[in-house]
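This structure is a prediction, so every number in the text was calculated from the model and none was measured. For reference, positions follow the sequence shown, starting with 1. Below, all heavy atoms of this structure are taken into account, side chains as well, without hydrogens, waters or symmetry copies.
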Amino acid sequence: MLTQQQQWCPQCKRYVETEQQQNKLGRRGTLIKLVTTCQKCRTTLGSKTVSAETLEQMQTESAADQSTSEDN
């Protein structure tokens with residue numbers, strides 16, 4: 001799943017659209033590595049590793065937040 005956001009890129013020296021890619025780690029795929037890259041220069045802006053359960057919970061919460069903001 002790819003999501004787009006705006007984030008500061010030190011290479012481009014401005015706010016740019018970013019991509020967030022998910023890669024499974026380990027044999028069971030219980031860990032997921034999230035890598036955020038600049039769409040313009042393809043520089044890695046950040047990465048972090050989270051458990052699959054935590055990522056699923058974050059996605060569920062963000063979907064719930066979006067649905068409540070659309071209702072208002």
- Query: Around atom CD of E56, are there more than 12 heavy atoms of other residues, nucleotides or ligands at under 6.0 Å?
  - Reply: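 No, not enclosed.
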
How long is the straight-line distance from [atom2] of [Y] back to [atom1] of [X], given to the nearest 0.5 Å?
| X | Y | atom1 | atom2 | answer |
| --- | --- | --- | --- | --- |
| Q39 | C9 | CD | SG | 11.5 Å |
| Q11 | T44 | CD | OG1 | 11.0 Å |
| Q22 | L55 | CD | CG | 5.0 Å |
| I32 | N23 | CD1 | CG | 8.5 Å |

- Non-hydrogen atoms of S51 and L31 that approach each other most closely: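 Smallest interatomic distance, heavy atoms only, reads CA-CD2, 4.1 Å.
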
- Shortest non-hydrogen contact from Q6 toward Y15: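 That closest heavy-atom pairing would be OE1-CB, 4.0 Å.
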
- Query: With R42, which residues qualify under salt bridge (Lys or Arg N to Asp or Glu O under 4.0 Å), at least two apart?
  - Reply: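 Here the qualifying residues are E19.
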
- Query: Tell me, do Q20 and T18 make a side-chain contact under 4.5 Å, heavy atoms counted?
  - Reply: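 No, their side chains stay 4.5 Å or more apart.
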
- Query: For K33, what residues pass the side-chain contact (heavy atoms from CB on, under 4.5 Å) criterion, not counting sequence neighbours?
  - Reply: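 Result, side-chain contact (heavy atoms from CB on, under 4.5 Å) vs K33: L25, V35, S47, T49.
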
